[in-house]
Chemist: 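Below is the structure I would like to discuss, written out as C-alpha cells.
In the text below, chain A, chain B and the rest are named by the order of the sequence lines, each starting its count at 1. Hydrogens, waters and symmetry mates are skipped; everything else that's a heavy atom, side chains included, is used. Everything numeric in this text was worked out from a predicted model, so none of it was measured.
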Number of protein chains: 2
Amino acid sequence: MSRADTPRRGSRPGRAGIRDVAAAAGVSITTVSDALNGKGRLPDATRRHVREVADRLGYRPSAAARTLRTGKSGLIGLTVTTYGDEPFTFTEFAYFAEMARAATSAALARGYALVILPATSRHDVWSNVALDGTVVIDPSDEDHVVGELVRQGLPVVSDGRPAGSLPVAAWVDNDHEAAVLGILDHLADAGARRIGLLTGTTTDTYTHLSTTAYLHWCERVGQDPVYEAYPAHDPCAGAVAADRLLARPDRPDAVYGLFDPNGTDLLAAARRYGLRVPEDLLLVCCSESTVYASTEPPITTLSLKPRRIGTAVVQLLIDAIEGVKSDQPVQQVIPTELIVRTSSERRSPRTTISPPRSPEEG
Amino acid sequence: MSRADTPRRGSRPGRAGIRDVAAAAGVSITTVSDALNGKGRLPDATRRHVREVADRLGYRPSAAARTLRTGKSGLIGLTVTTYGDEPFTFTEFAYFAEMARAATSAALARGYALVILPATSRHDVWSNVALDGTVVIDPSDEDHVVGELVRQGLPVVSDGRPAGSLPVAAWVDNDHEAAVLGILDHLADAGARRIGLLTGTTTDTYTHLSTTAYLHWCERVGQDPVYEAYPAHDPCAGAVAADRLLARPDRPDAVYGLFDPNGTDLLAAARRYGLRVPEDLLLVCCSESTVYASTEPPITTLSLKPRRIGTAVVQLLIDAIEGVKSDQPVQQVIPTELIVRTSSERRSPRTTISPPRSPEEG
DNA sequence: CTCGTTGACAGGTACGTTTCTGCAAGGTCA
DNA sequence: TGACCTTGCAGAAACGTACCTGTCAACGAG
C-alpha cells in the first residue's frame, strides 16, 4: 500500500531519521549506517558525503532504537545502599562522592554513562532502564535487587566483598583487616597503651571486618578491648558515642574511629574532658575529607582510596560487559593509605603547631 | 514463509518476551500488553491470568523496546560542571552530594532514574542515551551540551539562574544577594567593624552575584572592601588565600567565606596569627557540612538548602516532561538558612566553650 | 427481525536502527 | 572466455513493544 516514497513526516518534525539522511544523500539506509559507524566497505568519498549530509540535517541516531537492535545501552547502574528514604548514608558521603566521581569519569572514558539506582528502588523503575551491567556498593546478601539483576544475566561488580554467595563477576575491596592492624600498630608505636575503637552497630562487611580485626589485635597483644558502637547512619549518635568512649573509667589513651565524622566528634569530646591531642589522647579516623588537615590539631586519617576503587570497579565491569579477557584479576585489593598527622605523633607534639602569637605581629 | 508457530527461540534463551507470555497464556500479544499495562477492556479474570503467567515466566518488558515505542525512557540527566577531568569540583562536594541525593529520591518517587552526565562528556556518550529531560547545575552560556539538548526539544531545568539566554523550561535558585546581605548584617550586628570576603576567581553566577552583593553592601555602609579571590577548584589555594586575607594591613575583624572549606582554612589561619574566634575575628562560611558544628569554636554556616533545590528541580523537570500544568511557578527561589554558631556570636564567647579541665577529672 | 452497541479479543503496523544477504559491475586468472 | 573474486551498494529482516483497527459474538432497543 504505502509506497516508500512517502517521506514519513508523521514522526517528530524536528528530528531527522536515518531515512531522511539516506534520501538527502541519495544513498540507501544501509550505506548511511555503514558510513557513520565505520562498518562495511565504502569509498572514503561516499563516507564523507554521508557524514556531511548527516551533519547538515543535524542527524542524531535514536539511542532507543540502537539499544533495541544491538542489545547494548551504554548504561551501567550504580547501586547504592539506602538508609531510610535517602540513598547513601551521611557517614559515607565523602567516600561515596569520591567513588562515584571516579566511576563516572572512568565510565565516560570508555563510552558509558552511570545511572544512580538506590537499592530500595521501586521495582518498576530499575527494571525499566536498560542496563548493560551494574556496580553495587557494599552488597548485602539480602539485596534481592542485585540478586535479580544477576539472575537476568547482567554482569555485576561489587565494591566490597560480596556477602553470602552473591555470584558477582568481580569485586574490588580494601584489606580492611590489614588496615586496622596497621593503624593499631602505628598507635602502639606512637606510645599508646590502651587503644579504643569507635565502631558501628550495623552488620555491613566493613564494620564487621574492622571490628573483628581490632578484637584479634587486642587478644594478640593482651589488651582489653575498649570500644563503643553506635548506629553509624545517625549523625547525632556519633558525638554521643565519642563522648561515652572518653567517659569510661578505662579511658583509652588512643582511639581509632571507623567513620568519617568520628574525628571531629572525638576531638570535641576530648576538649570537653580536657584531654590534649596528641599528648593525652592519640587520634586516628577513617575519612576521605581534607578538613582533618586543618583541624587543631590536624588528625591522622586512613584513606580507603575511593578514587582507585571507583575506577577499578568500572573497568572490571566494562571488561565483563564487553567480554574482554582482562589480565587484571577479578578480585582486586586496593591498598589503603595512612595519612599521618599531628594527632598521632606522640613524641613530637610541637613541630607543626605554632604557639599563638599576638595579633599585632601579623 | 516462516509461520508464526515457530517459537522464535533464536533470541536470548534466558529472557522471555511478550510473545512467550502470550503463547503460554493462550492469548494474543495485545491482550498481554493491555493486561500488564492496565489498558484496554479486559475482564479481571484474564488480567489476573496473564499477570500470573508473566510472573511465572519471569517476564520483564524490554526497556529499550518500550522506550522506542513510547518515546519515553524514564531517564533524566544530571549535568554537572567539570573542572579538569573530574565532574563536580572539590568545593561543591557536600552541596552536590546532597543535591544529587535529593534529586535521586525525588526522581525515583515519580518513576524516573538519574543519569550522571558531566558537561564535558564526549559527544557520543550523552547523545547515545535516551533522555526525557535534563537537570543542569549552574549552566554557563558557553555550555553547548545544554544548548544542543534544548535545540533537540528536550526539557531542561537548571539549578541556578541560566546565564545568558539559555531557554530553560524552569529554574530554581537561592537569592544569593539577599543571603550575603543577611550575613553581612548579621556580622555587623555582632559587632564587626570591617568585614572581609573570601571569594573565587571563577565567573560562575554564584561567585559573581555574591561578590557584587558584598561590594554593594560595602558601598552602602561606607566600608572599604577587603577581599581575596582564589581559584575555588584548587584545594590548596583556599588556605593560601585565607592566610593572605588575614595578613593584610587592613585586616578584617570578620570574614565571610563563599566556599565550603573556607571555614577550616580561615580558622587555621586565625590560629597562625594568634587571633581568637570569635573575640578577635568573626567567622561565617557557606557550607553544607556538619563538621562546623564541632570545630573549636563551632562555625556559623550558611546552608543553600541543596535538598530542597534538588527536589524542586526534579519536580519541575518531570512536570515539564509530562506536560503537567503545575501550579508551581517555573522560577523558584529557595530561601537559605543561616545556622548561627559561636564563631559569629561576639558578645557571648564563653557560653558553649567549656574551659579545659584536668585529665583526672574525667 | 434488524441494527447499533458493547465487550473481548486478534492482526498487523510502526518505532529507528543494525546487519545479514544479496546482486550487479568490473577485474583477474587459467 | 568463462569461472571466480572483489568492490560498492541496496533490500529486507529482525529487535520487542504499544496501540490502532478490525472481527466476532452477545444483547437490548426499535
Chemist: Just compare C:dT17, C:dC9, D:dC9 and give me whichever is closest to any side-chain atom of A:I18.
Modeler: C:dT17
Chemist: Which residues pass the salt bridge (Lys or Arg N to Asp or Glu O under 4.0 Å) test with A:R60, sequence neighbours left out?
Modeler: B:E148
Chemist: Taking only side-chain N and O atoms of A:T70, does any of them lie within less than 4.0 angstrom of OP1 or OP2 on D:dC15?
Modeler: no
Chemist: Whole-Å distance between D:dC20 P and B:D34 CG?
Modeler: 10 Å
Chemist: Please pick, from C:dC9, C:dC15, C:dA10, the nucleotide with the shortest atom-to-atom distance to any side-chain atom of A:R19.
Modeler: C:dC15
Chemist: Under 4.0 Å, counting only non-hydrogen atoms across every strand here, what does A:I29 touch: a base, just sugar-phosphate, or nothing?
Modeler: base
Chemist: Output all residues satisfying salt bridge (Lys or Arg N to Asp or Glu O under 4.0 Å) with B:D124, sequence neighbours left out; order by chain, then residue number.
Modeler: B:R122
Chemist: What's the closest nucleotide to the B:R69 side chain, out of C:dC9, D:dA10, C:dA14?
Modeler: C:dA14
Chemist: Look at the side-chain N and O atoms of A:K39 and state whether any lies under 4.0 Å from the OP1 or OP2 oxygen of C:dT19.
Modeler: yes
Chemist: Taking any heavy-atom pair under 4.0 Å as a contact, classify B:R47: base, sugar-phosphate, or nothing.
Modeler: nothing
Chemist: Mind checking salt bridge (Lys or Arg N to Asp or Glu O under 4.0 Å) for A:D319 and listing every partner two or more places apart, or none if nothing turns up?
Modeler: A:R110
Chemist: For a quick test of your reading: what N or O donor-acceptor pairs under 3.5 Å do the side chains of residues 33-42 of chain A make, sequence neighbours left out?
Modeler:
{"from": "A:N37", "atom 1": "ND2", "to": "A:S33", "atom 2": "O", "distance (Å)": "3.4"}

Chemist: Does a side-chain N or O from A:T46 land closer than 4.0 Å to OP1 or OP2 of D:dG8, or not?
Modeler: no
Chemist: Quick one: salt bridge (Lys or Arg N to Asp or Glu O under 4.0 Å) partners of A:R66, sequence neighbours excluded?
Modeler: none
Chemist: For B:L42 and for A:S62, locate the closest nucleotide of DNA chain C by heavy-atom distance; then report the residue assigned to the nucleotide nearer the 5' terminus.
Modeler: B:L42
Chemist: Going by heavy atoms in the side chains, are B:D173 and B:I334 under 4.5 Å from each other?
Modeler: no
Chemist: Nucleotides 21-24 of chain D: which of its N/O atoms have a protein N/O under 3.5 Å away?
Modeler:
none

